[in-house]
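What follows is a single structure, written as structure tokens, with notes after it.
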Number of protein chains: 2
Amino acid sequence: MMEDIIKKLRAARKTKGFTQGALGAKMGLPQSHISQIEAGKIDIRLSSFLEMARLLDLEPMLVPRSLTPAVRSMLSGDKEKTSQPAWQPDNDTEELS
Amino acid sequence: MMEDIIKKLRAARKTKGFTQGALGAKMGLPQSHISQIEAGKIDIRLSSFLEMARLLDLEPMLVPRSLTPAVRSMLSGDKEKTSQPAWQPDNDTEELS
DNA sequence: AAATAAAATATGTTATAGCATATAGAAAGT
DNA sequence: ACTTTCTATATGCTATAACATATTTTATTT
């Protein structure tokens with residue numbers, strides 16, 4: 001069970017059209033190291049993980065378990081069917097048209 | 001600038017009423033190690049970070065930068081004032097009262 | 001204020017990420 | 001098919017997390 005969160009980094013890199021070499025250059029790491037990371041062969045340090053995520057415009061966040069379904073539905077744009085409504089917007093300001 | 005995300009782990013531990021020793025026991029680590037981590041003196045590995053977060057009922061997620069304001073507002077329960085509305089709920093199902 | 005519990009600091013060993021460099025293999029482009 | 005680009009694998013060295021254990025300092029409780 002390779003860490004799922006690492007797969008997201010690879011997917012994000014491809015989406016942005018970066019090669020392993022290009023991403024490595026931004027991080028000051030060799031392409032070979034990026035390969036190892038994405039393949040789940042090494043257990044990288046937190047600072048490396050954070051740096052890599054941010055270079056891919058991803059912000060690592062800690063979400064309370066009880067809120068993860070709501071957050072996930074936001075991220076995937078799903079038409080969610082949560083038993084408890086995930087969230088309700090404020091209605092205290094004028095909305096855009 | 002000690003990593004902010006580590007502070008969240010410490011806060012979560014305290015909220016749950018765990019001591020460093022108790023958390024360490026769950027992870028199979030000595031109390032001293034938890035102390036080092038929380039003090040930002042060591043740069044822990046991703047697997048340790050993930051394990052610790054999950055023991056504290058926090059799920060690490062990668063949020064696209066453009067969505068972080070919306071997610072943050074969910075997490076903090078703020079009455080947000082985002083220039084672009086953060087999110088709009090579906091209105092295709094019956095709501096609870 | 002004494003006792004107890006929790007957290008921080010210290011020292012030493014072992015395992016492994018980080019790093020460099022090279023090369024082999026796969027995919028994409030001509 | 002050949003060339004170029006991208007990705008995976010391999011070897012070796014260095015820095016440091018992981019781990020054990022002990023002690024000190026700081027909070028908390030009675």
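All chains are named by letter (A, B, ...) in the order of the sequence lines, taking the proteins before the strands, and each is independently numbered beginning at 1.
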Next on the checklist: I'd like to compare against my own output: the B/S/- annotation of nucleotides 18-30 of chain D with a strict under-4.0 Å heavy-atom distance to protein.
Outcome noted: BBSBB--------
In whole angstrom, what separates [X]'s [atom1] from [N]'s [atom2]?
X       : N      : atom1 : atom2 : value
B/Arg13 : C/dA6  : CZ    : P     : 11 Å
A/Ile34 : D/dT5  : CD1   : C1'   : 17 Å
A/Glu51 : C/dC19 : CD    : C1'   : 14 Å
B/Phe49 : C/dA17 : CZ    : P     : 18 Å
A/Glu38 : C/dA26 : CD    : C1'   : 15 Å
A/Gln36 : C/dA20 : CD    : P     : 14 Å

Item to check | Under 3.5 Å: donor-acceptor pair, side chain of A/Ser48, backbone of A/Ile44 | outcome: no
So, does [X] get its side chain near the phosphate of [N], meaning an N or O under 4.0 Å from OP1 or OP2?
X       : N     : answer
B/Arg10 : C/dA6 : no
B/Gln20 : C/dA8 : yes
B/Ser35 : C/dA7 : no

Checklist entry - If an axis is fit to five pairs at each end of the helix from C/dA1-D/dT30 to C/dT30-D/dA1, what is the angle between the two, to the nearest 10°? => result 60°
State, to 0.1 Å, how close [X] and [Y] come at their nearest heavy-atom pair, and which atoms those are.
X       : Y       : result
A/Leu9  : A/Leu56 : O-CD1, 3.4 Å
A/Gln20 : A/Ile34 : O-CG1, 3.6 Å
A/Lys26 : A/Glu51 : O-OE2, 4.4 Å
B/Arg13 : B/Phe18 : NH1-O, 2.9 Å
A/Leu46 : B/Asp43 : N-OD1, 3.5 Å
B/Leu50 : B/Pro60 : CD2-CG, 3.4 Å

Checklist entry - Within the structure shown, what part of the strands sits under 4.0 Å from A/Thr19 by heavy-atom distance: base, sugar-phosphate, or nothing? => result sugar-phosphate
Checklist entry - Checking side chain to side chain contact (heavy atoms under 4.5 Å, CB included) for the pair A/Leu58/B/Arg65: CA distance, chi angles, key distance, verdict? => result CA-CA 5 Å; A/Leu58 295 173; B/Arg65 227 178 243 319; over 6 Å; no
Checklist entry - Mind checking whether B/Ile37 and B/Met52 have side chains closer than 4.5 Å, heavy atoms only? => result yes
